[in-house]
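In what follows, a structure is listed as structure tokens, so that the remarks can point back to it.
Computed from a prediction, not measured in an experiment: that's the story for all the values here. The figures that follow rest on heavy atoms only: side chains count, while hydrogens, waters and symmetry mates do not. Sequence lines set the chain letters: A, B, ... in the order given, protein chains first and strands last, and positions in each chain run from 1.
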Amino acid sequence: MKRIKIKELLSSSPVGSDVTVKGWVRTKRGNKNIAFIALNDGSTINNIQVVVDIPDFDENLLKDISIGACICVKGKLVESHGQGQAVELNAKEIFLYGKADADTYPLQKKGHSMEFMREIAHLRFRTNTFGAVFRIRHAMAFAIHKYFNDKGFFYLHTPIITGSDTEGAGEMFHVTTMDLNNIPKGENKTVDYSTDFFGKETNLTVSGQLEGELGAMALGDIYTFGPTFRAENSNTPRHLAEFWMIEPEMAFYDIRDNMDLAEDFLKYLIRYALDNCKEDLEFLNSMIDKNLLERLNFVISNEFVRLSYTEAVDILTAADRKWDYPVGWGRDLQAEHERYLVEQHFKRPVILTDYPKEIKAFYMKQNDDGKTVKAMDVLFPGIGEIIGGSQREEIYEKLLARIREMKLKEQDYWWYLETRKYGTAPHSGFGLGFERLILFITGMSNIRDVIPFPRTPKNAEF
RNA sequence: UCCUCAGUAGCUCAGUCGGUUAGAGCAUCUGACUGUUAAUCAGAGGGUCGCUUGUUCGAGUCAAGCCUGGGGAGCCA
């Protein structure tokens, strides 16, 4: 008999039908005559209750069916005699795929801390919380592709190994095949990369943006969605050394179009989760964050506030409170400032634009005032910066001047500059941190709990 | 990297002013119970008190250093 997934079983199998289910035991309880097994196969957060007439089965088999064991059950679907569920499965045959020694299996029926779960990341998928989180993570990845595909964007695969540093900012992971115990040195005792695999210094990408722009200058609208690496020694609940980022890049979009897209995109994703991950979100709302559903609904039904950096500084200066870090035009906004704007002053997502050029990247479109650039940061409650983007500088001379002002290596950007030399066009784009989106959607509080196997300083287990 | 808090049974934690043999709940094991819902009830086993050094007659408790983890900050998505 063909196996049926529990999600399908619960939604569409008629009472009285004979079915086969396969899954992992969540709990077993009962007495010497009858046992109840809560079985889960990951297809849904819901379990099927398997009812076992103990005299009909081998005693040793039943002993081995403990929490974590994997079994196949054939039986008849019936209306439940108990209260907790509509239907249950009366077992006729049970096959044990793999037992889970109750003495050593780390998961129990009762609560575990998130910290403990991180130590058993290979098993934490088997909990309600992580099952819900990773089903939602999948749904969001799918929705991202659907959103862009429906809008005529093309998914562009930008390189993971790069020969250039996107912004000159941020530590990168070196990629090499050199023998680290015997690194060839050239003149001045510097490393001689000419003998390395690529014949030059290479790193893992910190952003696909620059390559993404090359694609946008021909395909029109593109997006990337791939792994991104930062070797920064960041130890916070919002940073990973390896994370996933979505970077759309659009020809002929100005900063306003860019903001419109970012807001529409985020609201689409939240709505997609509400429509397609209802049960998982309800579980997270009840167990992880009591305000989750309310917050998600609030965000999709209200306009994001849009204001300039200069206006934000005015608000912060006028605010009746003390800052750990001083507020002033030209200084970068600190976490406490962003939080104040989002969580107290406006109480909704905020898009900040037109930052001083000194605190932003070289490629951002310079405003006529000579002081600011067309940058935009989308700030979310509890998360901080979830999106960072800008209109790009498309005028060759201005871009080159900025590269020189910031003392970047001009020759490293020859191909980037050529897009401004040949058929340049106004264009814009942004980057969305995928895990930060998942944090917001799930209500989880630590980014290490929304990626299957987190990479952070001093941790690359699994 | 900085600040701060923590590390005691498989898990979550208590442990008073430094004092005899370090406790609880859950989990595990044994037994009871004819429909359970984190099942319930009774009993049992289970400890290098993160590591090292020191102070002391005596250290889970005090001190120093280190390791690991949480929270906050910086960097950023």
[X] near the nucleic acid: base, sugar-phosphate alone, or nothing, with a heavy-atom cut-off under 4.0 Å?
{"X": "A/Q83", "answer": "base"}
{"X": "A/R448", "answer": "sugar-phosphate"}
{"X": "A/F116", "answer": "sugar-phosphate"}
{"X": "A/A335", "answer": "sugar-phosphate"}
{"X": "A/S113", "answer": "sugar-phosphate"}
{"X": "A/K63", "answer": "sugar-phosphate"}
{"X": "A/E435", "answer": "nothing"}
{"X": "A/I67", "answer": "nothing"}

What interatomic distance, in whole Å, is found between [atom1] of [M] and the corresponding atom of [N]?
{"N": "B/G74", "M": "B/G18", "atom1": "C1'", "value": "41 Å"}
{"N": "B/U20", "M": "B/U55", "atom1": "P", "value": "22 Å"}
{"N": "B/U36", "M": "B/C41", "atom1": "C1'", "value": "15 Å"}
{"N": "B/G43", "M": "B/G60", "atom1": "P", "value": "30 Å"}
{"N": "B/U52", "M": "B/C13", "atom1": "P", "value": "24 Å"}
{"N": "B/G46", "M": "B/G58", "atom1": "C1'", "value": "27 Å"}
{"N": "B/C3", "M": "B/U12", "atom1": "C1'", "value": "28 Å"}
{"N": "B/G65", "M": "B/C5", "atom1": "P", "value": "14 Å"}

Identify the nucleotide, in any strand shown, that forms a Watson-Crick or G-U wobble pair with [N], with both distances under 3.5 Å; if there is none, say none.
{"N": "B/G43", "value": "B/C29"}
{"N": "B/G65", "value": "B/C51"}
{"N": "B/G58", "value": "none"}
{"N": "B/C2", "value": "B/G72"}
{"N": "B/A24", "value": "B/U12"}
{"N": "B/U36", "value": "none"}

For the residue pair [X] and [Y], is the inter-centroid distance of their aromatic rings smaller than 6.0 Å?
{"X": "A/F154", "Y": "A/F225", "result": "no"}
{"X": "A/Y155", "Y": "A/F153", "result": "no"}
{"X": "A/H145", "Y": "A/Y223", "result": "yes"}

Of the listed nucleotides ([options]), which one gets closest to any side-chain atom of [X]?
{"X": "A/H239", "options": "B/U28, B/C75, B/U12", "value": "B/C75"}
{"X": "A/M245", "options": "B/A77, B/U30, B/C75", "value": "B/A77"}
{"X": "A/E115", "options": "B/U12, B/C33, B/G69", "value": "B/G69"}
{"X": "A/E88", "options": "B/C75, B/U36, B/A27", "value": "B/U36"}
{"X": "A/N31", "options": "B/G72, B/C33, B/A27", "value": "B/C33"}
{"X": "A/I34", "options": "B/G35, B/A77, B/A73", "value": "B/G35"}
{"X": "A/H112", "options": "B/U36, B/G71, B/C11", "value": "B/C11"}
{"X": "A/I447", "options": "B/A77, B/U36, B/U34", "value": "B/A77"}
{"X": "A/D103", "options": "B/G35, B/C75, B/U28", "value": "B/U28"}
{"X": "A/T236", "options": "B/G70, B/U1, B/A73", "value": "B/A73"}

Problem - Residues A/K267, A/E263: salt bridge by 4.0 Å N-O rule - result: yes
Exercise for the section: Using the closest heavy atom to pick a nucleotide of RNA chain B for each, name whichever of A/F434 or A/V51 lands nearer the 5' end. Expected result: A/V51
Completion exercise
Residue pair A/H81/A/P106 against RNA chain B: nearer the 5' end by closest nucleotide is A/P106
Going by the angle between their ring planes, with limits at 30° and 60°, are [X] and [Y] parallel, tilted or perpendicular?
{"X": "A/Y147", "Y": "A/Y268", "result": "tilted"}
{"X": "A/F362", "Y": "A/Y416", "result": "perpendicular"}
{"X": "A/Y309", "Y": "A/W329", "result": "perpendicular"}

Under 3.5 Å donor-acceptor pair, [X] side-chain atoms to [N] base atoms:
{"X": "A/Q85", "N": "B/U36", "value": "yes"}
{"X": "A/N235", "N": "B/U1", "value": "yes"}
{"X": "A/Q108", "N": "B/U28", "value": "no"}
{"X": "A/S234", "N": "B/C75", "value": "yes"}
{"X": "A/E119", "N": "B/G69", "value": "no"}

Problem - Backbone of A/G42 reached by a side-chain donor or acceptor of A/N40 within 3.5 Å - result: yes
Handout entry: Short side-chain N/O contact to B/U68 OP1/OP2 from A/N459, under 4.0 Å
Key = no
